[in-house]
There are 2 protein chains.
Amino acid sequence: MKAQVFDLLADPTRRRILDALRERDRSVGELVDLLEISQPAVSKQLRILRDAGLATVRIDAQRRIYRLTPARLLELDQWLAPYRAFWEDRLNDMEKTLNSMED
Amino acid sequence: MKAQVFDLLADPTRRRILDALRERDRSVGELVDLLEISQPAVSKQLRILRDAGLATVRIDAQRRIYRLTPARLLELDQWLAPYRAFWEDRLNDMEKTLNSMED
DNA sequence: ACTTAATATAACTAGTCAGGCATATAGCTG
DNA sequence: CAGCTATATGCCTGACTAGTTATATTAAGT
């Protein structure tokens, strides 16, 4: 049901959808025009994003308007944090090495 | 050859390997003990990480010691940046709404 | 109610991929 | 070099998944 955020982002189509929704809310039809795949394929990915909590729908006549809900992307940010620390340490080490070489 | 960073992170085994390498450099054997899968399976994932530029090997007798090279994780960080902007806007909007409700 | 528009679901299929086992390769030790 | 240790590669299989077509559903307009 609630997939890992990593799995969600692994698919390029889903990433394109997220990118599009970041700009503004979009109907399914708009997304179909944008991506070049069938309408059912788009609806399927939208369902996955919805189930995962990355998007919400609102109804506008026959249209369904999708909106990005980025909360779960915080998980990515959190996962990344210790790696960020890691690579900053690496840079500091290199700096130190350079400085000691100057002596 | 050089896979998308998203695809690399989609696999839980690879994430566990990265986590382990973040702590310290590790031989293949250590990783095999840690994860509970066969040695060939571990070697396979290590090859993928190596090819993707997320790890490097150095030789120590028969052992191969793997080290994390986190540079490519910056790609994630960069991908995430506009979404970060997006969700911060969202939070600001909510704040404004709350403030106006106080009036 | 009947028709058209917009979207969702179902069933199927082709491609991908992680893991298992067997085997090859590389490096040490006696 | 024989035998042992550590790792890599090849081949196979089962599981998963994104897309396709066909069909169902939902909502509007006439």
Side-chain angles (χ1 to χ4, degrees), chain A residues 1-21 23-69 72 79, chain B residues 1-21 23-69 72 79:
Chain A
M1 262 265 143
K2 191 175 165 190
Q4 286 273 5
V5 71
F6 295 104
D7 294 319
L8 297 170
L9 298 181
D11 182 67
T13 296
R14 284 194 289 269
R15 288 201 301 276
R16 293 185 65 193
I17 292 178
L18 293 177
D19 285 344
L21 293 182
E23 263 185 67
R24 60 184 137 86
D25 297 356
R26 307 264 191 175
S27 72
V28 177
E30 282 182 88
L31 292 169
V32 171
D33 291 343
L34 210 69
L35 318 167
E36 278 167 349
I37 56 178
S38 69
Q39 171 268 312
V42 173
S43 283
K44 203 174 171 185
Q45 300 308 335
L46 286 171
R47 180 138 224 305
I48 291 172
L49 292 174
R50 209 159 23 109
D51 286 349
L54 270 168
T56 55
V57 213
R58 78 170 175 278
I59 297 179
D60 170 42
Q62 305 106 314
R63 293 207 173 81
R64 310 289 146 113
I65 311 294
Y66 281 79
R67 159 168 301 190
L68 177 62
T69 52
R72 291 205 62 197
W79 181 87
Chain B
M1 262 264 142
K2 190 175 168 190
Q4 285 274 7
V5 71
F6 294 104
D7 294 320
L8 297 169
L9 298 182
D11 182 67
T13 296
R14 284 194 290 269
R15 289 200 302 274
R16 293 184 65 193
I17 292 177
L18 293 177
D19 285 345
L21 293 182
E23 263 184 67
R24 60 184 138 86
D25 297 357
R26 307 263 191 176
S27 72
V28 178
E30 281 182 89
L31 292 170
V32 171
D33 291 344
L34 210 69
L35 319 168
E36 278 168 347
I37 56 176
S38 69
Q39 172 267 313
V42 173
S43 284
K44 202 175 172 184
Q45 300 308 333
L46 286 170
R47 181 138 222 308
I48 292 172
L49 292 174
R50 211 160 20 110
D51 286 348
L54 269 169
T56 55
V57 212
R58 79 171 177 277
I59 297 179
D60 169 41
Q62 305 105 313
R63 294 207 172 80
R64 309 288 147 115
I65 312 294
Y66 281 79
R67 160 168 300 190
L68 176 63
T69 53
R72 291 205 61 197
W79 181 87

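The figures that follow rest on heavy atoms only: side chains count, while hydrogens, waters and symmetry mates do not.
Between Ile48(A) atom CD1 and dT17(D) atom P the separation is 8 Å, expressed in whole Å. Counting to the nearest Å, the C1' atom of dC16(D) and the CG atom of Asp7(B) are 15 Å from each other. Nucleotide dT25(C) holds its P atom 17 Å from the CD1 atom of Ile59(B), rounded to whole Å. Here the P atom of nucleotide dA18(C) and the CG atom of Leu9(B) are 12 Å apart, to the nearest Å. The CZ atom of Phe6(A) sits 15 Å away from the P atom of dA18(C) (whole-angstrom rounding). To the nearest angstrom, P of dC16(D) lies 15 Å from CD of Gln4(A). Rounded to whole angstrom, the span from the CD1 atom of Ile37(B) across to the P atom of dA15(D) amounts to 18 Å.
The closest side-chain heavy-atom distance from Leu18(B) to Leu9(B) is below 4.5 Å.
Checked against salt bridge (charged side-chain N to carboxylate O under 4.0 Å, His left out), Arg72(B) has the following partners two or more places apart in sequence or in another chain: Glu75(B).
Sorted by first and then second residue, the salt bridge (charged side-chain N to carboxylate O under 4.0 Å, His left out) pairs involving residues 24-35 of chain B (not counting sequence neighbours) are Glu23(B)-Arg26(B), Arg24(B)-Glu30(B), Asp25(B)-Arg58(B), Asp25(B)-Arg67(B), Arg26(B)-Glu30(B).
Considering only side-chain N and O atoms, Thr13(B) lies under 4.0 angstrom from the phosphate OP1 or OP2 of dG19(C). Here Ser38(A) does not reach the OP1 or OP2 of dG19(D): none of its side-chain N or O atoms lies under 4.0 Å away. Under 4.0 angstrom from either OP1 or OP2 of dG19(D) there lies at least one side-chain N or O belonging to Gln45(A).
Looking only at distances, no side-chain donor or acceptor of Arg64(A) sits under 3.5 Å from a matching main-chain atom of Val57(A). Checked by atom type and distance alone, the side chain of Arg16(B) never pairs as donor or acceptor with a backbone atom of Leu31(B) at under 3.5 Å. Between the Ser27(B) side chain and the Ile65(B) main chain, no donor and acceptor come within less than 3.5 Å of each other.
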Any protein N or O atoms within reach of nucleotides 5-13 of chain D? Criterion: under 3.5 Å, listing atom names and distances.
from   : atom 1 : to       : atom 2 : distance (Å)
dT7(D) : OP1    : Val28(B) : N      : 3.4
dT7(D) : OP1    : Arg64(B) : N      : 3.3
dT7(D) : OP2    : Gly29(B) : N      : 2.9
dA8(D) : OP1    : Tyr66(B) : OH     : 2.6
dA8(D) : OP2    : Ser43(B) : OG     : 2.7
dA8(D) : N7     : Gln39(B) : NE2    : 2.7
dA8(D) : N6     : Gln39(B) : OE1    : 3.3
dT9(D) : OP2    : Arg47(B) : NE     : 3.0

